[in-house]
Amino acid sequence: MTDEIIAYDFGLRIRQLREERGLSRAALAKKLEVSTETIYRYENNLQAPSLERAKQLALMLHTSLDYLTGLDSTYTVRFSGLSPQQRKALTEFVRAFVGQT
């Protein structure tokens with residue numbers, strides 16, 4: 001199946017991003033200042049976070065709110081704190097990697 005066919009799943013996206021970042025539920029909960037149970041509920045679509053909490057999740061998981069909420073199916077990676085030189089080098093690398101000029 002392609003990504004376009006797979007149905008949007010907020011909780012699955014949170015879990016996948018959390019795991020890709022090497023974070024346990026407890027570690028993410030601590031960063032968000034919520035309980036581990038709250039993260040479990042988000043990941044299993046039993047509870048939706050507030051807008052403010054969703055924004056915090058997006059920042060902590062280095063992605064966009066649009067990706068988390070299913071408005072964009074393209075995975076987005078955010079890198080904060082890069083110098084202009086680092087940003088340029090990373091952009092050039094990504095373009096070379098995906099074959100765009």
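Not counting sequence neighbours, the partners of E37 by the salt bridge (charged side-chain N to carboxylate O under 4.0 Å, His left out) test are R41. By the side-chain hydrogen bond (donor to acceptor under 3.5 Å, both in side chains) test, Q56 is found to be paired with R53, residues two or more places apart in sequence or in another chain being considered. N45 meets the side-chain hydrogen bond (donor to acceptor under 3.5 Å, both in side chains) test with D9; sequence neighbours excluded. Residues that satisfy the side-chain hydrogen bond (donor to acceptor under 3.5 Å, both in side chains) test with S50, not counting sequence neighbours, are absent from this structure. Listed by chain and number, the residues in a side chain to side chain contact (heavy atoms under 4.5 Å, CB included) with A27 are L23, S24 (sequence neighbours excluded). Residues satisfying the side-chain hydrogen bond (donor to acceptor under 3.5 Å, both in side chains) test with E52, not counting sequence neighbours, are K55. Residues satisfying the salt bridge (charged side-chain N to carboxylate O under 4.0 Å, His left out) test with R15, not counting sequence neighbours, are none.
Residues I39 and L32 have side chains in contact (heavy-atom distance under 4.5 Å, counting atoms from C-beta outward). Side-chain contact between L65 and L51 is present, with heavy atoms from C-beta onward closer than 4.5 Å.
Transitive grouping of hydrophobic side chains (ILVMFWY, heavy atoms separated by less than 4.5 Å) brings I14 and M60 into a common cluster. At a threshold of 4.5 Å between side-chain heavy atoms, the hydrophobic network of Ile, Leu, Val, Met, Phe, Trp and Tyr places V34 and L68 in one connected group. Put simply, F10 and L28 are part of the same group of oily side chains (I, L, V, M, F, W, Y) that touch within less than 4.5 Å, one to the next.
Scanning both residues, S64 and A58, for their nearest heavy atoms gives C-CB, 3.9 Å.
Between E20 atom CD and T63 atom OG1 the span is 9.5 Å, to the nearest 0.5 Å.
Side-chain heavy-atom separations under 4.5 angstrom define the hydrophobic clusters, and L59 shares its cluster with no other residue.
Listed by first and then second residue, the salt bridge (Lys or Arg N to Asp or Glu O under 4.0 Å) pairs involving residues 22-34 are R25-E43 (not counting sequence neighbours).
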